[in-house]
Amino acid sequence: HAAAFFLTDGGDPKKALELSKASLEDRKISSIYETGLLAAIKSGSHDDACSLADGVRALQHPTEMLKSIAADACKR
């Protein structure tokens, strides 16, 4: 998925964040939240990280790794 490319080899975490947020409008799945959270952290977007972390908490079956990323992404 394009967001993962921009987060890694594409070297554009802001673009990865933008694409992740757009994807989450259609499908709220763990892998997209993970990419979005990592992109928000890497691009320094604390507000987006907090918003995505809230979304992770609403998932029925997030992985332990995703829950950990979400918990660390938005320290309130």
Side-chain angles (χ1 to χ4, degrees):
H1 143 287
F5 167 77
F6 283 106
L7 179 61
T8 57
D9 295 331
D12 190 347
K14 289 183 181 182
K15 181 73 172 177
L17 177 58
E18 175 186 317
L19 291 169
S20 294
K21 288 171 29 178
S23 292
L24 285 167
E25 290 177 13
D26 295 326
R27 298 178 302 147
K28 296 192 180 343
I29 59 174
S30 296
S31 62
I32 299 173
Y33 275 107
E34 183 177 336
T35 301
L37 274 168
L38 294 174
I41 293 164
K42 194 167 185 179
S43 66
S45 181
H46 186 264
D47 290 342
D48 285 316
C50 290
S51 177
L52 290 165
D54 288 342
V56 168
R57 286 189 275 280
L59 291 174
Q60 287 186 329
H61 304 289
T63 64
E64 290 302 314
M65 183 174 73
L66 182 55
K67 289 192 288 188
S68 177
I69 294 168
D72 290 341
C74 185
K75 302 274 185 180
R76 293 181 195 224

Subject >> Shared hydrophobic cluster for Ile41 and Leu24 (ILVMFWY, side-chain gaps under 4.5 Å) >> reply: yes
Original post:
What's the shortest heavy-atom distance between Leu37 and Ala73, and which atoms?
Top reply: CD2-CB, 3.7 Å
Original post:
Is it true that a side-chain atom of Ser20 and a backbone atom of Ala16 form a donor plus acceptor pair closer than 3.5 Å?
Top reply: yes
Original post:
Is there a path from Leu38 to Tyr33 through hydrophobic residues (I, L, V, M, F, W, Y) whose side chains come within less than 4.5 Å of each other?
Top reply: yes
Original post:
Heavy atoms, side chains only, cut-off 4.5 Å: are Leu52 and Leu17 in contact?
Top reply: yes
Subject >> For the student: nearest non-hydrogen atoms of Cys74 and Ala53, plus distance >> reply: CB-CB, 4.3 Å
Subject >> Full working for side chain to side chain contact (heavy atoms under 4.5 Å, CB included) between Arg57 and Asp54 >> reply: CA-CA 5 Å; Arg57 286 189 275 280; Asp54 288 342; 2.6 Å; yes
Original post:
Got Val56 and Ile69 here, is their nearest side-chain heavy-atom distance under 4.5 Å?
Top reply: no
Original post:
Between the side chain of Lys67 and the main-chain N/O of Thr63, is any donor-acceptor distance below 3.5 Å?
Top reply: no
Original post:
Do you know which two heavy atoms are closest between Asp48 and Lys21, and how far apart they sit?
Top reply: OD1-NZ, 3.1 Å
Original post:
So how far is it from His1 NE2 to Leu7 CG, rounded to the nearest 0.5 Å?
Top reply: 10.5 Å
Subject >> Any donor-acceptor pair under 3.5 Å from Ser23 side chain to Leu19 backbone >> reply: yes
Original post:
In Å and rounded to the nearest 0.5 Å, what is the NE2 to CD1 distance from His61 to Ile29?
Top reply: 14.0 Å
Original post:
How long is the gap from NZ on Lys42 to OG1 on Thr35, to the nearest 0.5 Å?
Top reply: 12.0 Å
